[in-house]
Amino acid sequence: MKSVNIGIIGGGLMGREMASAFARWCALTDVSVRPVLTAVADLNPATLSWFDCIPSCTQKTTDYKALLANPDVDVVYVAVPHNLHEQLYCDVLAAGKDLFAEKPFGIDLASARRIHAAVKASGRFVRCSSEMPFFPGAQRAFELAKSGSIGRVLEVVSGFHHSSDLDPTKAANWKRMNALCGEGGALNDLGMHACHIPLRLGWKPSRVFAQLQKGYPQRPDGKGGVANCDTWDNALLNTWIKVGGHDVPMRLEMKRLMPGATNTWYIEILGTDGGVRYSTADTKALWLFERGKEQFWKRTDLGFGTPFKTVTGGIFEPGFADVIQQMWAAYLMERAGLLNGRFGCATPEEAVATHEIFAAALQSQAQGTVVSL
Ligand SMILES: NC(=O)c1ccc[n+]([C@@H]2O[C@H](COP(=O)([O-])OP(=O)(O)OC[C@H]3O[C@@H](n4cnc5c(N)ncnc54)[C@H](O)[C@@H]3O)[C@@H](O)[C@H]2O)c1
């Protein structure tokens, strides 16, 4: 098995999630590349100390430029606030490293386009994080839509819902501030998750009407004071896509204020001859529509049908940590030219396309009009 040395910049929520996925790499049985966490950079020394539990991670630094100067690092994963994406991604490329970027791939459309130009000029292998399509139910929905067997597509809904912002006592963090998260707010935060599969199917909206909502304007700052929160928290995007020559309505939903939802990703694709519904709220359940003399919605319990095979029993249920690992397997195998038709990570072009959708949504909200892309 070939080893690839990984450096992580930003050891917060996602940095540690990714490191944990590497630590359990022995679960994968049909990959020929192995990530080895070699270095981590974070401004916070206390965050760095968590990485003491990973023996291969010998460089721990508060200066990400020291990590980029490490000749042993092949690939850099960057998980920092959105206002830092462009600078850090471009610095990774300039250091001659491959990049696994986080969404939203720059704080806004202009930034995403500049990053994309730097990627093209560098010739490095770059993908953007988006793990939800690696759930077995999401894969089944994607394959079914791609097969064309559902007939004429009538309607698509794709979304991602959270609810923790309903709690006014939840402390503010950088994701609730336009200056750090970006004016897109929930679009920047959750939009890639809703857009990835539609974009991979070629379903990029041509027109967008957006309804955006804000939540609490102030929250505790976690240090005894209050912090202003100015981001959009909920986004409903009513769009038109073209499928098989027909105009089809597609609704993209990104919500931080969805009563009861905890990290719920879902997709629904309805056609004249078939259809599919999948939601991580009911991780195993795949709903398939069948039209015959009678019409049926059939439910099946999915097992562990992930794109990359594992030691996990076929009837066991997958979770967030599993799809993070599957996404990394896709990144490393595609980088090695070994993806072999399996689902690949979001491309820089797809990431720029998400920002085109978000920019149109912001314009639509500001003008109260339908915006063409
Ligand atoms: N794919 C997903 O499901 C998913 C989920 C959550 C967040 N994200 C994305 O991951 C990224 C990070 O989000 P998070 O939730 O991990 O944030 P976080 O706040 O938990 O962690 C960010 C870390 O970056 C560090 N940092 C800030 N500036 C730095 C610098 N100059 N050098 C080194 N370290 C620095 C901070 O100290 C912090 O530890 C964002 O782009 C976010 O949108 C993705």
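For clarity, every value in this text was computed on a predicted model and none was experimentally measured. Atoms within each ligand, like the ligands themselves, are counted from 1 in listed order.
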So if I count the atoms of ligand 1 from 1 in the order they appear, which ones are less than 4.0 Å from some heavy atom of [X]?
X: Ser129; answer: 1 (N)
X: His82; answer: 40 (C), 41 (O), 42 (C), 43 (O)
X: Ala79; answer: 11 (C), 12 (C), 22 (C), 23 (C), 24 (O)
X: Glu131; answer: 1 (N), 2 (C), 3 (O)

Next on the checklist: Please verify the inter-ring angle class for Tyr278 with Trp265; under 30° counts as parallel, over 60° as perpendicular, anything in between as tilted.
Outcome noted: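 Tyr278 vs Trp265 ring planes: tilted.
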Checklist entry - Using the ring of each side chain (for Trp, its six-membered ring), is Tyr89 parallel, tilted or perpendicular to Phe105, with breaks at 30° and 60°? => result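 Rings of Tyr89 and Phe105: tilted, as their planes differ by 30° to 60°.
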Next on the checklist: Would Leu13 count as a polar contact of ligand 1, with the cut-off being nitrogen or oxygen pairs under 3.5 Å?
Outcome noted: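 The answer is yes, given that Leu13 and ligand 1 share an N or O pair closer than 3.5 Å.
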Can you tell which part of [X] has a heavy atom less than 4.0 Å from ligand 1: side chain, backbone, both or neither?
X: Pro81; value: side chain
X: Asn188; value: neither
X: His85; value: side chain
X: Met14; value: both

Item to check | Atom pair CZ/OG1 of Arg207 and Thr239 - distance to nearest 0.5 Å | outcome: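 Arg207 CZ to Thr239 OG1: 9.5 Å, rounded to 0.5 Å.
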Checklist entry - Say you draw a straight line from CG of Leu212 to CG of Leu236; how long is it, rounded to the nearest 0.5 Å? => result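 Rounded to the nearest 0.5 Å, the CG-CG separation comes to 8.5 Å.
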Considering only the protein, which heavy-atom contact is closest to [atom], and what is its distance?
atom: atom 28 (N) of ligand 1; answer: Leu84 CD1, 3.3 Å
atom: atom 26 (N) of ligand 1; answer: Val80 CG1, 4.0 Å
atom: atom 19 (O) of ligand 1; answer: Trp174 NE1, 2.8 Å
atom: atom 30 (C) of ligand 1; answer: Leu43 CG, 3.6 Å

Kindly identify the option in [options] whose heavy atom sits closest to [atom].
atom: atom 21 (O) of ligand 1; options: Pro45, Gly12, Gly11, Cys128; value: Gly12
atom: atom 37 (O) of ligand 1; options: Asp42, Asn44, Leu180; value: Asp42
atom: atom 9 (C) of ligand 1; options: Glu102, His193, Met192; value: Glu102

Checklist entry - Quick one: is the NZ or CZ of Lys298 closer than 6.0 Å to the six-membered ring centre of Trp287, and within 45° of its axis? => result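 Checked: cation-pi criterion not met.
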Checklist entry - Under the 6.0 Å and 45° cation-pi test, does Arg200 pair with Phe343? => result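 Yes, cation above the ring, under 6.0 Å and within 45°.
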Next on the checklist: Using the ring centroid of each side chain, check whether Tyr331 and Phe100 are separated by less than 6.0 Å.
Outcome noted: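 Yes: the rings meet the under 6.0 Å criterion.
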Item to check | Contact check, side chains of Val352 and Ile115, non-hydrogen atoms, under 4.5 Å | outcome: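 No, side chains not in contact.
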Checklist entry - Could you go step by step and tell me if Lys255 and Asp233 meet the salt bridge (charged side-chain N to carboxylate O under 4.0 Å, His left out) rule? => result CA-CA 6 Å; Lys255 299 186 186 178; Asp233 279 352; over 6 Å; no
Checklist entry - Do Glu102 and Tyr77 have side-chain N/O donor and acceptor atoms under 3.5 Å apart? => result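 Yes, because at least one side-chain N or O of Glu102 sits under 3.5 Å from a partner of the opposite role on Tyr77.
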Next on the checklist: Would Lys175 count as a contact residue for ligand 1, given that I'm defining contact as a non-hydrogen atom of the residue lying under 4.0 Å from a ligand atom?
Outcome noted: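 Checking ligand 1 against Lys175, which is what was asked, there is a heavy-atom contact under 4.0 Å.
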Next on the checklist: Strictly by side-chain hydrogen bond (donor to acceptor under 3.5 Å, both in side chains), give each pair with a member in residues 130-142 just once, sequence neighbours left out.
Outcome noted: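 Of all non-adjacent pairs touching residues 130-142, those that pass side-chain hydrogen bond (donor to acceptor under 3.5 Å, both in side chains) are Ser130-His196.
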